[in-house]
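Lettering follows sequence order; numbering is per chain, from 1.
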Protein chains: 2
Amino acid sequence: MFAALSHPVRRDLLSALLDGPETAQSLADRYAMARPSVAEHLKVLRDVGLVSERQAGRNRFYSLTPEPLTLLREWLEPYEQFWRGRVSRLATLLEMDASHD
Amino acid sequence: MFAALSHPVRRDLLSALLDGPETAQSLADRYAMARPSVAEHLKVLRDVGLVSERQAGRNRFYSLTPEPLTLLREWLEPYEQFWRGRVSRLATLLEMDASHD
DNA sequence: ACAATACGTAGGAATTTTCCTACATGTCAA
DNA sequence: TTGACATGTAGGAAAATTCCTACGTATTGT
């Protein structure tokens with residue numbers, strides 16, 4: 001998951017699919033890269049379940065399946081708690097400080 | 001940021017720092033890897049601002065500075081909206097279906 | 001001053017990732 | 001059927017990442 005998101009082209013592909021499904025071809029046209037390279041990036045995204053494909057004649061439509069991103073959200077949680085903890089400790093300190101003036 | 005999080009050892013280091021600051025040494029002791037390798041991972045995390053260091057004599061304490069993770073949270077947002085959108089469209093369909101029985 | 005400890009970094013080997021050019025397959029249109 | 005399009009994959013070069021040992025520097029305790 002994290003590895004799949006580590007490449008800017010792959011994040012860009014996901015972002016492109018936010019507007020709806022697109023064919024492999026039209027996705028590839030967005031980049032200076034050769035088409036097969038984009039196909040490999042799509043494969044990485046497919047392997048972690050972030051996109052799914054639907055064959056339609058000689059086109060293949062890719063669409064976004066963001067469910068696996070809930071893992072990322074869950075991973076993030078302890079760090080957000082950590083962050084809130086720090087803020088509230090700071091607030092406590094400020095209160096203590098305010099109390100002796 | 002995404003690249004910094006792509007390596008399991010680096011994610012583990014962040015996780016270790018949730019419990020509070022630690023010296024480079026004690027962090028390195030957690031892994032089978034040689035200490036300088038861990039030091040390089042710490043450097044990557046430092047470069048993206050996810051950890052900060054405080055020199056204390058011959059020890060160097062690392063602590064978690066999770067602020068940059070807000071970028072991740074922001075990145076995630078459109079995908080969560082996308083997801084909610086899909087769920088609500090599904091709900092609409094189910095309602096429509098329920099209405100003709 | 002000297003030895004030991006804690007640490008970062010240089011240099012390089014091994015591995016992985018990225019990206020390319022073929023190439024093979026399946027589909028459509030004439 | 002034949003030719004053009006859409007696509008995935010194989011094979012390999014190039015680039016990046018990872019991890020090691022060796023080394024340099026600063027600090028501490030004796």
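For B:K43 and D:dC19, the NZ to C1' distance is 16 Å, given to the nearest whole Å. The CG-P distance, from B:N59 to C:dA4, rounds to 18 Å in whole Å. If you take CG of B:D47 and C1' of C:dT9, they are 13 Å apart, rounded to a whole angstrom. The interatomic distance linking B:L42 (CG) with C:dA6 (C1') rounds to 13 Å, in whole Å. Atom CZ of A:R46 and atom C1' of D:dT7 are 10 Å apart (whole Å). One atom, CZ of A:R58, and another, P of C:dT27, lie 11 Å apart when rounded to the nearest Å.
Regarding contacts with the backbone of C:dC19, a side-chain N or O of A:H41 is found under 4.0 angstrom from either OP1 or OP2.
For A:E40, the side-chain atoms get nearest to D:dG11 when compared with the rest of D:dG11, D:dA4, C:dC7. Distances were taken from every side-chain heavy atom of A:R60 (C-beta onward) to each of D:dT9, D:dT7, C:dA10; the shortest belongs to D:dT7.
On a pure distance criterion of 3.5 Å, no polar donor-acceptor pair joins the side chain of B:Q55 and the base of C:dC7.
Residues from residues 6-37 of chain A that place a heavy atom under 4.0 Å from any atom of DNA chain D, listed by number: A:T23, A:A24, A:Q25, A:R35, A:P36.
For the helix from C:dA1-D:dT30 to C:dA30-D:dT1, the end axes, each set by the C1' atoms of five terminal pairs, are bent relative to each other by 20° (nearest 10°).
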Check: For B:L5 and B:L72, what are the C-alpha separation, side-chain angles and deciding distance, and is it a side chain to side chain contact (heavy atoms under 4.5 Å, CB included)?
Finding: CA-CA 10 Å; B:L5 297 177; B:L72 210 162; 3.3 Å; yes

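Panel note: side chain A:R60, backbone A:A24; no donor-acceptor pair is recorded below 3.5 Å. In this structure, the side chain of A:Q55 engages the main chain of A:G57 through a donor-acceptor pair within 3.5 Å.
Residue pairs meeting the side chain to side chain donor-acceptor pair (under 3.5 Å) criterion with at least one member in residues 12-23 of chain A, sequence neighbours excluded, are A:D12-A:Y31, A:E22-A:S26, A:E22-A:R30, A:T23-A:S26.
Nearest heavy atom pair, residue A:H41 against residue A:V9, reads CD2-CG1, 3.7 Å. Pairing each heavy atom of B:F82 with each of A:L17, the nearest pair is CE1-O, 4.1 Å. The heavy-atom pair separating B:R11 from A:Y79 by the smallest distance is O-OH, 3.8 Å.
Heavy atoms of B:Y62 sit under 4.0 angstrom from primed sugar atoms or phosphate atoms, though from no base atom.
The neighbour count for A:E77 CD, taken as heavy atoms of other residues, nucleotides or ligands under 6.0 Å away, does not exceed 12.
Taken from CG in B:L45 to CG in B:L14, the straight-line distance is 5.0 Å, to the nearest 0.5 Å.
Residues A:A3 and A:G57 each lie close to DNA chain C; by heavy-atom proximity, the contact nearer the 5' end of the strand is made by A:A3.
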